[in-house]
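Just so it is clear, the model here is predicted, and its values are computed rather than measured. One-based numbering, in listed order, for ligands and for the atoms of each.
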Amino acid sequence: MSTDKKIDEYSGTETTGHEWDGIEELNTPMPRWWLGIMFVSIIWSIGYVILMPAFPLLHGYSKGILGFSDRVRVSEAVSKMHADRSVQSQQLVGADFETIRADPNLMRFAMAQGKSLFGDNCETCHGARGRGFTGYPNLNDDIWLWGGSYEDIRQTITYGIRADHDETRLSSMVAYGRDEFLSSGEIDDLVQFVLSLSDPTTQNTRGAALFTQNCVSCHGAEGRGTRENGAPDLTDADWLYGGDPASVRTTLFNGREGVMPNWNERLGADQIAALSIYVHSLGGGE
Ligand code: HEC
Ligand code: HEC
């Protein structure tokens with residue numbers, strides 16, 4: 001590089017001394033703001049390399065004097081979450097409903113757990129948010145086959161209904177036609193009688209005696225159902241298997257035995273408790 005400075009006569013700026021065919025290159029200095037940013041960046045990056053993890057090394061990486069690690073931070077957060085959860089899970093297992101309800105944190109925990117477990121395990125049969133299908137009860141109303149208290153629901157979920165477990169809930173709707181307990185004509189009379197129970201505009205007395213003889217032991221004297229037998233109320237407009245004459249006839253002819261699996265072998269007691277809280281809240285809760 002030559003030392004003698006040459007000033008361009010038109011712009012008054014120093015030239016680099018490079019010249020081609022009479023055209024000379026100006027040596028315009030870098031703007032100060034640009035240089036400022038560059039120097040600050042250099043200082044900042046030196047500081048960063050000293051404090052924070054930066055370079056890959058042969059075995060591992062430069063850790064920096066702060067010893068910061070995202071991986072350690074995440075794993076600490078995860079183990080804290082597990083610890084919090086296991087405390088709350090333990091609380092859920094032993095607690096009765098009043099205790100859980102009185103503790104807003106525990107209640108929130110149970111609802112969140114219950115909701116996600118319900119989505120994973122129950123919606124295939126009970127529908128989205130437990131709205132139900134024919135043969136699979138709607139869990140959002142306050143109509144219960146086997147009882148809608150927290151304890152009843154927990155019992156149902158734990159041991160199931162007509163499931164393969166000694167303590168499961170049993171009893172079923174008898175197949176009056178198929179098993180030849182009643183004649184076809186008697187079944188027709190009973191269908192009309194059953195339909196009249198929920199529809200006060202129709203009167204049917206022919207089936208009444210047959211109903212008293214055959215049905216009240218499970219469905220109750222007035223047909224309002226009994227929970228010990230999981231026998232539905234026949235006087236409301238809510239039908240598990242359909243309330244048109246053909247569906248009711250099929251029910252009486254072939255019987256019904258809805259199966260609800262027992263969950264005690266697949267889920268923990270804490271998970272069942274959380275599910276029971278969630279299901280209880282869906283129906284408004286008894
Ligand atoms: C394989 C299908 C199936 C799955 C999966 C299932 N259920 Fe059920 N559930 C049923 C059937 C069928 C009934 C009705 C049984 C009857 O007719 O008495 C029922 C009944 C119930 C009842 C009793 C309702 C009442 O009126 O007393 C509750 C509570 C319940 N289920 C909760 C659950 C929960 C919670 C889960 C998930 C852990 C679940 N179910 C998963 C089929 C299922
Ligand atoms: C041994 C007890 C028992 C007897 C006796 C019995 N039922 Fe039932 N019934 C049930 C049960 C349990 C169910 C529910 C079945 C299920 O959930 O899968 C049911 C269901 C029904 C249903 C379906 C209701 C709906 O919501 O879809 C009708 C209708 C019915 N019974 C009518 C009768 C009539 C009529 C008689 C007498 C001829 C009778 N039952 C006798 C236990 C009984």
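What sits closest to atom 11 (C) of ligand 2 on the protein, heavy atoms only, is M173 N, 3.7 Å. Looking only at heavy atoms of the protein, atom 36 (C) of ligand 2 is closest to C215 SG, 2.7 Å. Looking only at heavy atoms of the protein, atom 40 (N) of ligand 2 is closest to H219 NE2, 2.7 Å. Nearest protein neighbour of atom 29 (C) of ligand 2, counting heavy atoms only, is L234 CD2, 3.8 Å. In this structure, the protein non-hydrogen atom closest to atom 41 (C) of ligand 2 is Y176 OH, 3.2 Å. In terms of protein heavy atoms, atom 3 (C) of ligand 2 is closest to C218 SG, 2.7 Å. Remark: minimum distance from atom 16 (C) of ligand 2 to any protein heavy atom is reached at Y241 OH, 3.4 Å. In terms of protein heavy atoms, atom 32 (C) of ligand 2 is closest to L252 CD2, 3.5 Å.
For a threshold of 3.5 Å applied to N or O pairs, the pair formed by L190 and ligand 2 contains no separation below that value. By the 3.5 Å distance cut-off applied to N or O atoms, L145 is counted among the residues near ligand 1. Note: no N/O pair closer than 3.5 Å links S217 and ligand 2 by distance alone.
For H126 and F133, the distance between ring centers is not under 6.0 angstrom.
Proximity to G258 (heavy-atom distance under 4.0 Å) selects the following atoms of ligand 2: 16 (C), 18 (O). The N229 neighbourhood of ligand 2 comprises atoms 12 (C), with distances under 4.0 Å to a heavy atom of that residue. Residue E257 approaches ligand 2 through these ligand atoms, each under 4.0 Å from one of its heavy atoms: 18 (O).
From L234, atom CG reaches atom SG of C215 across 8.0 Å, with rounding to the nearest 0.5 Å. In this structure, E123 CD and L117 CG are separated by 11.5 Å, a value rounded to the nearest 0.5 Å. Between the CZ atom of R206 and the CZ atom of F193 there is a distance of 13.0 Å, given to the nearest 0.5 Å.
Although no hydrogens or angles enter the test, the distance criterion places a donor-acceptor pair under 3.5 Å between the side chain of N138 and the main chain of N140. Under the 3.5 Å distance criterion, the side-chain polar atoms of S62 are matched with a main-chain donor or acceptor of F55. Between the W20 side chain and the H18 main chain, no donor and acceptor come within less than 3.5 Å of each other. In this structure a side-chain-to-backbone donor-acceptor pair under 3.5 Å is missing from Q192 to D189.
Residue contacts with ligand 1 for V259 involve N, CA, C or O but no side-chain atom from C-beta outward (heavy atoms, distance under 4.0 Å). Within the 4.0 Å heavy-atom criterion, the part of T156 lying near ligand 1 is the side chain and not the backbone. Neither the backbone nor the side chain of R169 comes within contact range of ligand 1; no heavy atom lies under 4.0 Å. With a 4.0 Å heavy-atom cut-off, ligand 1 is reached by no atom of R256. At a heavy-atom distance under 4.0 Å, atoms from both the backbone and the side chain of W146 approach ligand 1.
Considering only heavy atoms from C-beta on, R129 comes within 4.5 Å of L282 through its side chain. Side-chain atoms of T168 and D164, non-hydrogen and from C-beta on, never get closer than 4.5 Å to each other. Contact check for M52 versus L66: side-chain heavy atoms found under the 4.5 Å cut-off. Side chains of H280 and F97 form a contact here, defined as non-hydrogen atoms less than 4.5 Å apart.
Not a single N, O or S atom of C122, from either the backbone or the side chain, sits less than 2.8 Å from atom 8 (Fe) of ligand 1.
Looking at E76 and R73, no side-chain N of the basic residue comes within less than 4.0 Å of a carboxylate O on the acidic one, giving no salt bridge.
At least one heavy atom of P261 lies less than 4.0 angstrom from ligand 1. Under a 4.0 angstrom heavy-atom cut-off, R227 registers as lying outside contact with ligand 1.
Just one residue in the list V174, D188, L190 forms a side-chain contact (heavy atoms from CB on, under 4.5 Å) with L182, and that residue is L190.
Taking only non-hydrogen atoms, the option from V194, T251, L240 nearest to atom 17 (O) of ligand 2 is L240.
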